[in-house]
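Please read the structure below before turning to the comments.
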Amino acid sequence: MSKRNAANDRRRFITRALGAAGAVVLAGCDRLSNTEWFTRTLGKADALSYAAAHTIGRKAMAQEFSSSDLSPTFRSNGTAEPDSPEYRALAQRAFADYRLVVDGLVEKPAQFSLADLRLLPSRTQITRHDCVEGWSAIGKWQGTRLSSVLGAVKPTAAARYVVFHCADPMESDGRDLYYESVDLNDAYHEQTILAYALNDAPLPIANGAPIRLRVERQLGYKHAKYVMRIELVDSFAGFRGGRGGYWEDQGYQWYAGI
Ligand SMILES: Nc1nc2c(c(=O)[nH]1)N[C@H]1C(S)=C(S)[C@@H](COP(=O)(O)O)O[C@H]1N2
Ligand SMILES: [Mo]
């Protein structure tokens, strides 16, 4: 199959998958997760879209825009402020005490303050965020390239996935923290950054302060906000629901390519 046909097939496939999702009345991610067929459909779609993305080459860049394309405001979705004493304490001191822990299958586990992260190579990009609920927004993100952080900690040969542990509990009893994961292909991609700024201002709490992932070729729920810890693993099979992310454990596809 030629590259062009593969890309067309993939686009058609994804349009079909999302078109069907769009036909359900979606009040939010909760509603969607309860829809049985979505689990069924996108469970299979997962394997297919991941394979298709690899066929067309994972180096492809997400589209970038210009300042004139920026959305007037970048809305907040999901958690707007993590409800935990630990997070509140960090926020109160403007994240001066924040340390991003990076560990797991790495040679040199490390902790990074915001100042440390700002010293590493950064990238600025204007991209479109697509939420599975059916809205999009264009924002300007600046952040540390994830590849720079990984370069510092040196993943071992066994490392296959990067897990992002977030600050926000998804249950009112304070448990079930949001989490996400990507493979090394996306982790080392040029546009994959740990963003600390949005639209030329420090990242607001509503959008994931102090650090949120941007993984531009995937849907919104992959872009973990309030990232506290990054863990290199060889599998997420034994962790939480075993599907590599909070929404994935409710049935969303793990590879949410767009
Ligand atoms: N920690 C955390 N990350 C998260 C979420 C969340 O609830 N908690 N929601 C996800 C979803 S569904 C979307 S669309 C985006 C929303 O990002 P925004 O608040 O900057 O619009 O964050 C994603 N990352
Ligand atoms: Mo979303």
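Both backbone and side-chain heavy atoms feed into the values below; hydrogens, waters and symmetry mates do not. Numbering of ligands and ligand atoms starts at 1, following listing order. What you see is a predicted model; the values in this text were computed from it and never measured.
- With ring centers used as reference points, Tyr87 lies 6.0 Å or more from Tyr98.
- Heavy-atom contacts of Tyr226 reach the following atoms of ligand 1: 1 (N) (cutoff under 4.0 Å).
- Hydrophobic clustering of Ile, Leu, Val, Met, Phe, Trp and Tyr side chains at less than 4.5 Å, counting indirect connections, keeps Val102 apart from Tyr178.
- The closest approach between a heavy atom of Arg212 and any atom of ligand 1 is below 4.0 Å.
- Near Asn77, the atoms of ligand 1 lying under 4.0 angstrom from a non-hydrogen atom of the residue are 9 (N), 12 (S), 14 (S), 16 (C), 18 (P), 19 (O), 21 (O).
- When the side chains of ILVMFWY residues are joined at heavy-atom separations under 4.5 Å, either directly or via intervening members, Leu70 and Leu198 end up in two distinct hydrophobic clusters.
- For the residue pair Asp130/Ser136, the side-chain donor-acceptor check at 3.5 Å is satisfied.
- For Tyr179 and Phe239, the gap between ring centers is short of 6.0 Å.
- Exactly one residue among Tyr246, Tyr161, Trp247 makes a ring-ring contact (aromatic ring centres under 6.0 Å, His included) with Trp254. That residue is Tyr161.
- At least one N or O atom of Thr79 sits closer than 3.5 Å to an N or O atom of ligand 1.
- Listed by atom number, the atoms of ligand 1 under 4.0 Å from Cys166 heavy atoms are 1 (N).
- The backbone N or O of Gln125 lies less than 3.5 Å from no partner atom in the side chain of Gln191, so there is not a single donor-acceptor pair.
- Among Ser136, Ala167, Gly78, Gly220, the residue whose heavy atom sits closest to atom 23 (C) of ligand 1 is Gly220.
- Checked by distance only, ligand 1 and Arg75 come closer than 3.5 Å through their nitrogen or oxygen atoms.
- Ligand 1 has no N or O atom lying under 3.5 Å from any N or O atom of Glu133, backbone or side chain.
- Taking every non-hydrogen atom of Cys131 and a distance limit under 4.0 Å, the qualifying atoms of ligand 1 come out as 14 (S).
- Within ligand 1, the atoms closer than 4.0 Å to a non-hydrogen atom of His223 are 22 (O), 23 (C), 24 (N), numbered from 1 in the order shown.
- Side-chain atoms of Val149 and Leu117, non-hydrogen and from C-beta on, do get closer than 4.5 Å to each other.
- At a heavy-atom cutoff of 4.0 Å, ligand 1 is contacted by no atom of Lys222, backbone or side chain.
- Checked by atom type, the side-chain pair Asp183/Tyr255 shows no donor-acceptor distance below 3.5 Å.
- Within ligand 1, counting atoms from 1 as listed, the ones closer than 4.0 Å to a heavy atom of Trp135 are 14 (S), 21 (O).
- Those atoms of ligand 1 with a heavy atom of Asp168 less than 4.0 angstrom away are 1 (N), 2 (C), 6 (C), 7 (O), 8 (N).
- The hydrophobic clustering, which links ILVMFWY residues whose side-chain heavy atoms are closer than 4.5 Å, places Ile211 and Tyr188 together.
- Taking every non-hydrogen atom of Ala206 and a distance limit under 4.0 Å, the qualifying atoms of ligand 1 come out as 19 (O).
- Contacts of Phe74 with ligand 1, taken as heavy-atom pairs under 4.0 Å, involve the side chain alone.
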